[in-house]
Amino acid sequence: MAIAFIDLQAQRARIKDRLDEAVARVMEHGRFILGPEVTAFEKEMSAFSGAALTCSCGNGTDALALPLMAWGLRPGDAVFCPSFTFTATAEVVPWLGASPVFIDIDPRTYNMDPASLEAAIEEVVSKGELRPKAVIAVDLFGQPADYPRIKEICDRFGLKLIADSAQGFGCTIEGKHPIEWADVVTTSFFPAKPLGCYGDGGAIQTNDPEMWALLDSLRIHGKATEEDMAAANYRGHEAKYLNPRIGMNSRLDTIQAAILLEKLAIFADEIEMREKVARRYNELLEGHVSAVPFVGDGYQSVWAQYTIEVENRETVQERLREHEVPTAVYYPVPMHDQGPYKRFPSAPGGLPVTNEKKAKVLSLPMHPYLDEETQDRIVDAVRSAVD
Ligand SMILES: *Cc1c(COP(=O)(O)O)cnc(C)c1O
């Protein structure tokens, strides 16, 4: 039988009845836009990670753009982010005319290297062409970035911190979620993410009620907030027809929220199941491949990906294909090497670790329902493919 890279049907089989009923309830009540399930889901998301507030939105890319809009990012502003990430992390910055500045990664975790971040901020400050404004750290492959050190650097330079947790929602350091350090945590509910829905979706978390109100306004065309309504004596009119700022249309569908409520209920259990799969992979592959994933002490990954390093990656992939083992490369071309992003600056000294790792990383099938027999087939195929 063909092996799935991510088996969403196995999860569906577990909660199928509850999912079907949840969707049917929404079709029955008919409040498809910002219905009661959206509010209920936002509450559950906050409870899950200890954030005060959650603002859902249309996808994980808008979830990154909305806080930058709320902070008034504009041309001449610099936003520091890794180059070794999915496009969306960097893409939202030029939307606002601001400039991404690409940072190198730690060779063991593939997450933002705080030393490279610090050097890049200092260089931008000394050149004086761009104004440092914010940092977007990424929880790549599900592992939290080094938030304690990154937050300390952000505080020292007066920068806002976004945790791009599209791959990492649910990850922790010493039991604490990224919201402990970040001004906002963003995530994506793209189906293949650890917490995914059956379409597009995203969310932003914050502990600041004023920030929440601003995000809520911006996701609905810059509609008037409670405060705007009171200040402008707008009472009696519908907030969405009163637009004191320029926003966008980015909402989580009620049907998706209903699905996510059911998936969130089993999410903690699924993280444990992923952890078990990853541990077993590590035991069976360590010493056979150039590197197995490293997770820091006290760090909990949610294992969006299980990524090893190999030499001669193309040959290995080809041999694995012959064994019907699907693989993927995240990411073959880092952002600083992509055409439209080449004009933006990188950390001083370039990005040597990013440039090395892009040629070696290889992600194997990973999901909570990967049974031991299938795992053994994959491990055997990998061991023989790297020989
Ligand atoms: C998937 C992803 C996003 C974007 O999420 P979408 O919901 O697809 O817009 C942003 N950042 C990272 C790191 C991602 O992996």
Side-chain angles (χ1 to χ4, degrees), residues 5-6 8 38 41 45 54-69 79-96 100 102-103 105-106 109-112 134-147 150 161-171 178 182 184-205 215 218-219 248-253 255-257 259-260 263 274 301-307 328-336 338 341 354 357-358 361 363 366-367:
F5 189 68
I6 295 177
L8 291 172
V38 174
F41 174 63
M45 278 288 280
T54 299
C55 179
S56 59
C57 63
N59 54 70
T61 307
D62 289 352
L64 289 162
L66 285 161
L68 297 181
M69 288 170 75
V79 178
F80 303 85
C81 67
S83 171
F84 200 59
T85 180
F86 180 62
T87 326
T89 309
E91 181 183 27
V92 295
V93 179
W95 282 6
L96 297 165
F102 295 113
I103 306 303
I105 50 167
D106 178 284
T109 64
Y110 314 111
N111 276 333
M112 179 180 269
V135 171
I136 307 178
V138 177
D139 302 327
L140 201 76
F141 305 149
Q143 174 164 209
D146 186 350
Y147 288 110
I150 292 169
L161 175 58
I162 297 181
D164 178 353
S165 215
Q167 300 178 15
F169 184 74
C171 71
V184 296
V185 174
T186 69
T187 195
S188 161
F189 305 122
F190 183 85
K193 308 282 178 174
L195 181 61
C197 60
Y198 291 146
D200 276 310
I204 308 143
Q205 301 196 297
L215 295 167
L218 290 167
R219 74 173 162 169
M248 60 161 92
N249 176 13
S250 186
R251 298 175 293 227
L252 180 68
D253 285 350
I255 285 182
Q256 299 300 347
I259 289 162
L260 282 163
K263 291 202 184 196
R274 286 174 186 271
S301 174
V302 296
W303 299 104
Q305 304 296 338
Y306 182 87
T307 304
V329 173
Y330 306 109
Y331 292 92
V333 183
M335 295 310 297
H336 73 284
Q338 305 263 11
Y341 296 87
T354 300
K357 297 304 181 188
K358 70 180 181 197
V361 289
S363 299
M366 165 53 88
H367 59 85

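Small disclaimer: the values here were computed from a predicted structure and weren't measured. Atom set for the values below is all heavy atoms of this structure, side chains included, hydrogens, waters and symmetry mates excluded. Counting convention: from 1, in listed order, for ligands and their atoms alike.
At least one side-chain heavy atom of Phe169 sits under 4.5 Å from a side-chain heavy atom of Met45. Proximity of Phe189 to Leu252: side-chain heavy atoms (C-beta onward) are separated by under 4.5 Å at one or more points. Side-chain atoms of Gln305 and Phe5, non-hydrogen and from C-beta on, do get closer than 4.5 Å to each other. Residues Thr87 and Tyr341 meet the side-chain proximity criterion, which asks for heavy atoms closer than 4.5 Å.
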N/O to N/O under 3.5 Å, ligand 1 against protein:
| from | atom 1 | to | atom 2 | distance (Å) |
| --- | --- | --- | --- | --- |
| ligand 1 | 5 (O) | Ser188 | OG | 3.3 |
| ligand 1 | 7 (O) | Gly60 | N | 2.7 |
| ligand 1 | 7 (O) | Ser188 | OG | 2.6 |
| ligand 1 | 9 (O) | Gly60 | N | 3.3 |
| ligand 1 | 9 (O) | Thr61 | N | 2.9 |
| ligand 1 | 9 (O) | Thr61 | OG1 | 2.5 |
| ligand 1 | 11 (N) | Asp164 | OD1 | 3.3 |
| ligand 1 | 11 (N) | Asp164 | OD2 | 2.8 |
| ligand 1 | 15 (O) | Gln167 | NE2 | 2.9 |
| ligand 1 | 15 (O) | Lys193 | NZ | 2.6 |

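Phe86 carries Lys193 over the face of its six-membered ring, with the cationic atom under 6.0 Å from the centre and within 45° of the normal.
Of all non-hydrogen atoms in Val361 and Tyr330, the two that sit nearest each other are CG2-O, 3.4 Å.
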